[in-house]
Amino acid sequence: MSAAAGSSLITTSQAEDSAVDRKELANGLSVEAALRRIAAEGLWSEFERKSQEGGRISRLSAPLAAICRLVAWRDNRQDATHLFWCVTVIMWLSIPFDYSLAPYAVTAIVAGHGVLTTLALALALRAWRHPRLEWMQNASASLFAFVVMIAAIMTGHRVGGPNFERFVLVGFFGMTTGLVLLPLTTPWMALVTFVLNVCFVVSQSINPAVDGASGFLFTLYCSAISVVVIWARYQINRRQIRATLSRLREAHSKRLMREMAHTDALTGLRNRKAITDEFARLIGEARSGTVLSVAMIDIDDFKKLNDTLGHASGDEALRSVGSLFSDFARTSGAVCGRIGGEEFLALLPGAGAEAATRAVESLMRDLDRMNLSNPGSRVADRVTLSVGLVTASLGEGRGHHQESLMRDADLALYEAKNAGRNRIVAVAASSLKHDAA
């Protein structure tokens, strides 16, 4: 199916789903909501192109990248918050051990491992509560890594001796390797590793146990590790984008298959099963006193159109009428479907007899203006419609069922044909009760 056709199917339920999208934005986007946003923002062509790219995916546009980020938000948030909590708990648990090693450094230990780390945790968790501001999440994660490194330097400096270097190395390598798990963008990852390296260099310069040569050598080691970490996170980000696009494409394919199973291939309207299922739902969920009008609609002398102009012209006429019904559904709130051949069914919830008649009359006038040729018709030289219209009040205590309403509409259509076609015959629903099939 073409991208345009896929977009058409996806956009069908946009209006009714917009409220759901707004709620989901608080926790990222579901796959279905993401597909609706891709269609609504006109990104369908780019999505199709990028999702089919093999190997390395070229750069996404900002709107599509934002949608992919929102789809991955739940997983990224979980990874980030788990890391924040794990590091913080380790810092808390290390307080008594560090104190037993150097009780005279208790102030630095509590300030760094306890107070500063806890404040950084609180800021990070707050920033990662909602996906709206990506820069806040990147900044808070970077600040958290910086604070842990500062806590290690504070404690190490106060403890002194060879333990100074040990504290610094544990802080640096712990946070640098932990950064691989943080879903930071590549520029922010480069920035935070740069800051960590600056902190490491500062620690080397104030540590009297480190001479210039060994400090320089350790700095080179740490810088090399930082480059590897940045590259690893970059690759993870690219793989996540590919996985997200693949996930969206798979969901889109499944949705298209579901839509196709309920869509008439020629007209794009609901097929017989889909329209009758919707009919049954409207009746089953109707409250007492709910009004429903049912229009059984037939193209006049359609067989003669096929006989005189050929089946290709007949198919083209059906597609044009299907397009007309789609516009009619959008403007009137009707539910339309093709139930076979040249016969269509339109359901108008909430429309009484007069309102439904006016709506169908407007539909017939629009068809007349389209001037679709039917030279073999006994009614006119163009395509016309005959309509049987029945209106019923539904709900508890009513005796109307889907089968009886369709039968009444069919009988009204039969009368419209007998009366000369190209007209509407409206009747009230039969008051007889019929058992539901």
Side-chain angles (χ1 to χ4, degrees), residues 17-38 40-41 43 60-93 111-151 171 174-193 195-196 229-230 232-234 236-241 243-245 247-248 251:
D17 294 326
S18 59
V20 176
D21 289 357
R22 287 193 295 271
K23 291 181 181 179
E24 287 186 326
L25 279 174
N27 290 298
L29 279 178
S30 69
V31 170
E32 289 297 316
L35 290 174
R36 291 193 293 270
R37 287 193 65 177
I38 288 172
E41 297 183 21
L43 301 172
L60 303 180
S61 66
L64 185 57
I67 291 173
C68 288
R69 186 181 74 86
L70 287 171
V71 173
W73 162 255
R74 290 184 180 91
D75 292 337
N76 286 343
R77 178 189 181 188
Q78 187 178 59
D79 291 343
T81 53
H82 282 179
L83 179 64
F84 297 146
W85 274 111
C86 287
V87 172
T88 303
V89 169
I90 291 173
M91 296 289 279
W92 290 343
L93 293 176
H113 291 44
V115 178
L116 290 179
T117 304
T118 302
L119 289 175
L121 171 68
L123 289 173
L125 294 179
R126 182 174 181 83
W128 284 80
R129 284 193 310 177
H130 196 284
R132 281 180 298 183
L133 297 177
E134 184 181 13
W135 73 268
M136 288 185 62
Q137 287 119 41
N138 283 283
S140 66
S142 303
L143 177 64
F144 184 85
F146 173 71
V147 166
V148 171
M149 188 65 183
I150 292 298
M175 285 316 304
T176 303
T177 53
L179 287 175
V180 177
L181 303 177
L182 275 177
L184 299 179
T185 59
T186 303
W188 277 95
M189 177 64 75
L191 175 63
V192 71
T193 52
V195 171
L196 290 179
V229 167
I230 294 171
R233 185 65 236 182
Y234 172 77
I236 292 173
N237 289 343
R238 301 307 296 177
R239 282 197 294 271
Q240 186 178 67
I241 290 173
T244 301
L245 289 173
R247 183 181 172 192
L248 290 172

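None of the values given here were measured: they were computed from a predicted structure.
The shortest non-hydrogen separation linking Leu182 to Met189 is O-CE, 4.2 Å. The two atoms that bring Pro63 and Glu41 nearest to each other are CB-OE1, 3.6 Å, heavy atoms only. In terms of heavy atoms, Cys68 sits closest to Leu60 at SG-CD1, 4.0 Å. Heavy-atom minimum distance, Leu70 versus Pro131: CD2-CB, 3.7 Å. In this structure, Ala151 and Thr117 approach most closely via the heavy-atom pair CB-OG1, 4.4 Å. Closest non-hydrogen pair, Leu29 versus Ala34, comes out as CD1-CA, 4.1 Å.
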Chi angles and distances behind the side chain to side chain contact (heavy atoms under 4.5 Å, CB included) call for Phe146, Met175: CA-CA 9 Å; Phe146 173 71; Met175 285 316 304; over 6 Å; no

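Taking the side chain to side chain contact (heavy atoms under 4.5 Å, CB included) definition, one finds that Val115 meets it with Leu119, sequence neighbours left out. Evaluation of the side chain to side chain contact (heavy atoms under 4.5 Å, CB included) rule for Arg247 yields Val31, Val71 as partners, not counting sequence neighbours.
Between Trp85 and Trp92, the ring-plane angle classifies as perpendicular under the 30° and 60° cut-offs.
Phe144 has its side chain out of reach of Leu123: every pair of non-hydrogen atoms, C-beta onward, lies at least 4.5 Å apart. Between Ser142 and Val195, the closest side-chain pair of non-hydrogen atoms is not below 4.5 Å. Within the 4.5 Å cutoff, side-chain heavy atoms of Leu43 are placed close to those of Ile38.
In this structure, CG on Leu93 lies 10.5 Å from OG1 on Thr88, to the nearest 0.5 angstrom. Rounding to the nearest 0.5 angstrom, the gap separating the NE2 atom in His82 from the CZ atom in Arg77 is 10.0 Å. Rounding to the nearest 0.5 angstrom, the gap separating the CG atom in Leu181 from the CG atom in Leu83 is 6.0 Å. Here CD of Glu32 is found 9.5 Å from CG of Leu248. Values are rounded to the nearest 0.5 Å.
Looking only at atom types and distance, the side chain of Asn76 has a donor-acceptor partner in the side chain of Gln240 under 3.5 Å away.
The number of heavy atoms from other shown groups lying within 6.0 Å of CZ (Arg126) does not exceed 12.
At least one donor-acceptor pair under 3.5 Å links the side chain of Asn138 to the backbone N or O of Thr185. Between the Gln137 side chain and the His130 main chain, a donor and an acceptor come within less than 3.5 Å of each other.
Among residues at least two apart or in separate chains, salt bridge (charged side-chain N to carboxylate O under 4.0 Å, His left out) pairs with a member in residues 134-151 are Arg69-Glu134.
Of the candidates Asn237, Leu191, Leu179, Ile230, Leu179 is the only one forming a side chain to side chain contact (heavy atoms under 4.5 Å, CB included) with Leu184.
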